[in-house]
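Heads up: the structure comes next, in structure tokens.
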Protein chains: 2
Amino acid sequence: MFLADCQARLAFDLLANTWNAVVVWSLRHGPRRPGELRGQIGGISHKVLTETLRRLEFNGLVERHAYAEAPPRVEYALTGLGRSLLAPIETFGAWAFEHADEVLAAQDRWEEETIASPTPPRAERPS
Amino acid sequence: MFLADCQARLAFDLLANTWNAVVVWSLRHGPRRPGELRGQIGGISHKVLTETLRRLEFNGLVERHAYAEAPPRVEYALTGLGRSLLAPIETFGAWAFEHADEVLAAQDRWEEETIASPTPPRAERPS
DNA sequence: CGCGTCACGCACCGATCGGTGCCTAACGGA
DNA sequence: TCCGTTAGGCACCGATCGGTGCGTGACGCG
């Protein structure tokens, strides 16, 4: 599992992007319009949102429905496949809630122990 | 959950990298040396492996044990926090096994429907 | 003495990620 | 007529990701 060309790597490619899982999660309660998504999710640019939605559509996780109306209206909804991904995502979210403080504590510990650390491996910290 | 500055975003930063989850998973059965990891995992460069391990160490998921021996010997092991992440990772892996074919089918469908697609949103395909 | 092993650092590089800013198209309202 | 709204395309940009290649230090072996 997860070795070399294993299919399981595919799952991580689906979550490798910063926003994929967040967008999927934001669609869990039904169809949403891009504007709504941009509102619900904080700090995603409109370009990246559409790119993300295209990618999710390409992978069969969401469906795009465009209505030819006065102000253009578009809705994105999860497919069955997309909905099946909600459970794993929630598992992760639960883990994060339980252990976020431990991760933060570990990061702080690192900063203490190594005096003047040359290159803190990465921010990894919500701005 | 997953909104704006929510802590749950942290979980995805931990998996945002291509190799983080794979390396954690490769350590599930006990300590491993870098060489072993490079062997188990396919196609990871030595630079990226050490970077990944440093990052995991920084986040408190793995521990580094160096033995001052003749040919330098180093072992990396999961911490308790790291082990607690195995369950969510496995959940994902299970999802991938179940649905990988659906994702691939969706991708193929995309290629059929849109004749000469201008920009296939992304490879997202194991090479 | 030269070679191999092992962990790892560093310089360099191309590809991708994500962000900003500006553009269109189509309509309703003032 | 001009503005606002909505979706989204396009150009451009800096930061990061991941890869290659080379060097080092300490040892063991022939």
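Everything numeric here is computed off the predicted structure, so don't read it as measured data. Just so it is clear: chains get the letters A, B, ... in the order the sequence lines come, proteins before strands, and each one is counted from 1.
With a 4.5 Å cut-off on side-chain heavy atoms, B:Arg32 and B:Ser26 do not count as touching.
In this structure, the nucleotide among C:dG9, D:dG9, D:dG18 sitting nearest to the side chain of B:Arg54 is C:dG9. Here the side chain of A:Pro71 is nearest to one of D:dT5, C:dC6, C:dG18, namely D:dT5. Nearest nucleotide to the side chain of A:Arg38, out of D:dA7, D:dG9, D:dC17: D:dA7. Looking at the side chain of A:Arg33, the nearest of the listed nucleotides C:dG18, D:dT6, C:dC12 is D:dT6. Comparing C:dA7, D:dG21, C:dC17 by their closest approach to the side chain of B:Val74 singles out C:dA7.
Per the geometry, CD1 belonging to A:Ile44 stands 11 Å off C1' belonging to C:dG19, to the nearest Å. Taking atom CG of A:Asn17 as the reference point, atom P of D:dA15 lies 21 Å away to the nearest angstrom. The separation between B:Glu51 atom CD and D:dT16 atom P is 12 Å, rounded to whole Å. A:Leu49 has its CG atom 15 Å from the C1' atom of C:dC17, to the nearest Å. The nearest whole Å value for the distance from the CG atom in A:Leu37 to the C1' atom in D:dT6 is 14 Å. Regarding B:Trp19, its CH2 atom lies at a distance of 12 Å from the C1' atom of D:dC17, rounded to whole Å. Put simply, CD1 on B:Ile41 is 12 Å from P on D:dG18, counting in whole angstrom units. The distance between atom CG of B:Asn20 and atom C1' of D:dT16, rounded to the nearest whole Å, is 14 Å.
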Give the intermediate values and the outcome of side-chain contact (heavy atoms from CB on, under 4.5 Å) for residues A:Leu56 and A:Thr52. CA-CA 6 Å; A:Leu56 295 174; A:Thr52 303; 4.1 Å; yes

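Separating the CG atom in A:Leu49 from the CZ atom in A:Arg54 is a distance of 9.5 Å, to the nearest 0.5 Å.
Applying the side chain to side chain contact (heavy atoms under 4.5 Å, CB included) rule to A:Leu15 yields the partners A:Ala21, B:Phe92; only residues at least two apart in sequence or on another chain are considered.
Of the residues near DNA chain D, A:Gly35 and B:Thr52, the one whose nearest nucleotide (by heavy atom distance) lies more toward the 5' end is A:Gly35. Each of A:Lys47 and A:Pro72 has a nearest nucleotide on DNA chain D; the 5'-most of these lies closest to A:Pro72.
Within the 4.0 angstrom heavy-atom criterion, only backbone atoms of the sugar-phosphate kind lie near B:Pro34; the bases stay farther away. Within 4.0 Å of B:Tyr67, counting heavy atoms only, lies no atom of the nucleic acid at all.
A donor-acceptor contact under 3.5 Å is formed by the side chain of B:His46 with the base of C:dG9.
A sub-4.0 Å separation between OP1 or OP2 of D:dT20 and a side-chain N or O of B:Ser45 is absent. Considering only side-chain N and O atoms, B:Arg73 lies nowhere under 4.0 angstrom from the phosphate OP1 or OP2 of D:dA26.
The nearest pair of heavy atoms linking A:Trp19 to A:Gly43 is CZ2-O, 3.6 Å.
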